[in-house]
Amino acid sequence: RREATPISAHCRVAAAFLLCALASHAVAFPIPAFGGAYSVPRAYSFYLFSLYAAFLTISVLLEAGALPKGWVCSLGGGSGCLT
């Protein structure tokens, strides 16, 4: 039996935001109400920039120690985080 390799808190945050962005793309691009043919309205770009800003904010606060790593390390059901 192989032991699970711990993943750092920063990688967990990055993976969560990447999953959110990819899921957003998978939903937004095929919707015909947005114009179809894989085009989206300008508001979608503002949404993506705000998602990126939230990612940067959480990453900086996590690195600065303003956010506890415990809640991030509990995500994903892994064996903890790297330090």
Side-chain angles (χ1 to χ4, degrees):
R1 185 178 112 144
R2 296 176 59 187
E3 292 293 321
T5 304
I7 300 172
S8 71
H10 299 287
C11 287
R12 289 176 190 250
V13 169
F17 276 96
L18 178 63
L19 181 65
C20 183
L22 288 175
S24 298
H25 286 11
V27 169
F29 278 95
I31 293 177
F34 285 161
Y38 297 103
S39 66
V40 292
R42 183 177 297 192
Y44 186 70
S45 66
F46 293 125
Y47 160 74
L48 289 178
F49 279 121
S50 64
L51 189 67
Y52 181 63
F55 166 68
L56 284 179
T57 302
I58 289 176
S59 293
V60 168
L61 290 175
L62 195 63
E63 182 66 31
L67 289 176
K69 290 185 180 182
W71 69 272
V72 175
C73 293
S74 66
L75 298 175
S79 60
C81 286
L82 293 173
T83 56

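Hydrogens, waters and symmetry mates are skipped; everything else that's a heavy atom, side chains included, is used. All values reported here derive from a predicted model rather than from experimental measurement.
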Less than 3.5 Å apart, which donor and acceptor atoms pair up between the side chains of residues 60-67 and the rest of the protein, not counting sequence neighbours?
unit_1	atom_1	unit_2	atom_2	d
Glu63	OE1	His10	NE2	2.9

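Leu22 shares a hydrophobic cluster with Leu18; the chain of contacts runs through ILVMFWY side chains whose heavy atoms sit under 4.5 Å apart.
No side-chain heavy atom of Phe17 sits less than 4.5 Å from a side-chain heavy atom of Arg12.
The side-chain hydrogen bond (donor to acceptor under 3.5 Å, both in side chains) check on Thr57 picks up nothing, with sequence neighbours excluded. Shown here are the side-chain hydrogen bond (donor to acceptor under 3.5 Å, both in side chains) partners of Tyr47, two or more places apart in sequence or in another chain: Ser24.
Note that OH of Tyr44 is 8.5 Å distant from CG of Leu51, once rounded to the nearest 0.5 Å.
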